[in-house]
Protein chains: 2
Amino acid sequence: MSYICNIFYYSMISGKFAITLHILTLLSKFPDEYLSSEFLAGSMNINPVLVRKEIANLKKHNMVESREGKNGGTRLAKSVKDITLDDIFKMTFQKVSLGYAKNDPNPACPVGKKINQNLDALYDGINIKISAQLKDISLMEFTDKF
Amino acid sequence: MSYICNIFYYSMISGKFAITLHILTLLSKFPDEYLSSEFLAGSMNINPVLVRKEIANLKKHNMVESREGKNGGTRLAKSVKDITLDDIFKMTFQKVSLGYAKNDPNPACPVGKKINQNLDALYDGINIKISAQLKDISLMEFTDKF
DNA sequence: TTTATATGTAATTAAAATTGTTACAGTTTA
DNA sequence: TAAACTGTAACAATTTTAATTACATATAAA
């Protein structure tokens, strides 16, 4: 039995990357202000608590700094030139995959026994390409499109 | 209001690609036999109905042919040299994405108004790279690893 | 010093998507 | 004619994400 595998194998695409990038884009547009989670959530039309959760993640990676209390909020802690989309990708995504079958395959079958390891290798190659591509795009380049 | 957008934007990674590739790998190992959905499902440890659903998709793309009735089953309809992983990707995936926020963003916000179009452009670039990479891998090359 | 406003976080509920199951009609072989 | 298999549809169960609620804590300003 290997329940543990499936915890990793099964993965729904959440909005984490998109929400985080949206937050950073807004912060970059008001570099000198502390923006509230309610303001940020208003642009995305989502719940402010979700925004604060992603901000907690951004803080963990030293991308932003927050001020609590009245007139509090969040602002960028790094230059938009020094943040790449790959940084954001790595902060919010474990790994891009094209999916795995939900259950552990039959270990008695030669194909079942090795399918996930071969898929892993395939997906690893894809992730390397994606990271390389995203590393070339700075947050500044992305936000300049708005 | 544009509810319709979200139907496309929200996307969970299903096991379609992995299941389809697993099916094709098994079929390639027994090129002269009609394999039953129950046998195929046994290797993946999933329900035979799920397998038949993916086989229906494979048939739509002329990758396999099925025989109904007793002793029926499915076999490859093309050479393993003539199927690429990109063919399978395009059959089973609309598009790889790093996700979108679930709700339509605020159109009154300059960032909200354009975020999804800019994410789309970003993800399109990623998909082009993935396709190029997968196009170089034939089903034969993949199945030779088992 | 008090009030208002905001973060930080946990816990619970709701919603959305995939997978599993059941059922059964239709097909083919022996 | 019986057995075994495909092909689907419909529905239930599972899983994951998002929303909501609640409240402790922090800070600014009146």
Peer 1: If you apply the rule ring-ring contact (aromatic ring centres under 6.0 Å, His included), what do you find for B/Tyr34 with B/Phe30, and how did you get there?
Peer 2: CA-CA 8 Å; B/Tyr34 285 87; B/Phe30 303 90; over 10 Å; no
Peer 1: Using atom CD of A/Glu68 as one end and atom P of C/dA6 as the other, report the distance to the nearest whole Å.
Peer 2: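 Taking atom P of C/dA6 as the reference, CD of A/Glu68 is at 13 Å.
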Peer 1: Which listed nucleotide (D/dA3, C/dT22, D/dT15) is nearest to the side chain of B/Val49?
Peer 2: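 Nearest listed nucleotide: C/dT22.
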Peer 1: Check whether any side-chain nitrogen or oxygen of B/Lys59 sits under 4.0 Å from OP1 or OP2 of D/dG7, and answer yes or no.
Peer 2: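 Result: yes.
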Peer 1: Over how many whole Å does the gap from A/Met44 atom CE to D/dA19 atom C1' extend?
Peer 2: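 So the two atoms are 15 Å apart, to the nearest Å.
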Peer 1: Any side-chain heavy-atom pair from A/Leu134 and B/Ile126 closer than 4.5 angstrom?
Peer 2: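 Contact flag for A/Leu134/B/Ile126 side chains = yes.
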Peer 1: Between C/dT28 atom P and B/Lys70 atom NZ, what is the distance in whole Å?
Peer 2: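 Atom-to-atom, B/Lys70 to C/dT28, this comes out as 15 Å.
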Peer 1: For A/Ser37 and C/dA6, is the shortest distance between a side-chain N/O and OP1 or OP2 below 4.0 Å?
Peer 2: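 No, because none of the side-chain N or O atoms of A/Ser37 sits under 4.0 Å from OP1 or OP2 of C/dA6.
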Peer 1: Just the rounded figure in Å: distance from C1' of D/dT6 to CG of B/Leu50.
Peer 2: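 These atoms are roughly 15 Å apart.
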Peer 1: Within the 4.0 Å heavy-atom criterion, would you say B/Thr74 contacts the bases, only the backbone, or no part of the nucleic acid?
Peer 2: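 No contact.
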Peer 1: Mind calculating the distance between CZ (A/Arg52) and C1' (D/dA24) to the nearest angstrom?
Peer 2: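 About 12 Å, once rounded to whole Å.
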Peer 1: B/Ile19 CD1 to C/dT19 C1': how many Å, rounded?
Peer 2: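 One finds 8 Å between C1' of C/dT19 and CD1 of B/Ile19, rounded.
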Peer 1: Rounded to whole Å, please give me the gap between NZ in A/Lys53 and P in D/dA19.
Peer 2: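 The answer, rounded to whole Å, is 10 Å.
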Peer 1: Any carboxylate oxygen within less than 4.0 angstrom of a Lys/Arg side-chain nitrogen, looking at A/Glu65 and A/Arg75?
Peer 2: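 So A/Glu65 pairs with A/Arg75 through a salt bridge.
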Peer 1: Can a side-chain donor-acceptor contact be found between B/Thr74 and B/Lys59 if the only test is distance below 3.5 angstrom?
Peer 2: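 Not at all, the side chains of B/Lys59 and B/Thr74 share no donor-acceptor pair under 3.5 Å.
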Peer 1: I want to confirm an ordering. Mapping A/Gly69 and B/Arg67 to their closest nucleotides on DNA chain D, which one lands closer to the 5' end?
Peer 2: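 Whichever sits nearer the 5' end wins; that is B/Arg67.
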Peer 1: Can you tell me if the side-chain N/O atoms of A/Asn103 get under 4.0 Å from OP1 or OP2 in C/dT19?
Peer 2: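 Checking C/dT19 against A/Asn103, no side-chain N or O comes under 4.0 Å of OP1 or OP2.
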Peer 1: Rounded to the nearest angstrom, tell me the gap between atom CD in B/Glu54 and atom C1' in D/dT8.
Peer 2: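 Going from CD in B/Glu54 over to C1' in D/dT8 covers 14 Å.
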Peer 1: So which nucleotide from D/dA3, D/dA19, D/dG7 ends up closest to the side chain of A/Ile46?
Peer 2: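 Closest nucleotide among those given: D/dA19.
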Peer 1: Scan A/Lys16 against the nucleic acid and name what it touches under 4.0 Å (heavy atoms): base, sugar-phosphate only, or nothing.
Peer 2: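 Touches nothing.
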Peer 1: Kindly compute the distance separating CG (A/Leu27) from NZ (A/Lys29), expressed to the nearest 0.5 Å.
Peer 2: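 If we round to the nearest 0.5 Å, A/Leu27:CG and A/Lys29:NZ are 12.0 Å apart.
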Peer 1: Pick base, sugar-phosphate or nothing for B/Gly72, based on heavy-atom distances below 4.0 Å to the nucleic acid.
Peer 2: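 The answer is sugar-phosphate, as B/Gly72 gets under 4.0 Å only of primed atoms, P, OP1 or OP2.
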Peer 1: Which part of the nucleic acid, if any, lies within reach of B/Asn47 when heavy atoms closer than 4.0 Å are counted: base, sugar-phosphate only, or nothing?
Peer 2: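 Counting heavy atoms under 4.0 Å across all strands, the contact made by B/Asn47 includes a base.
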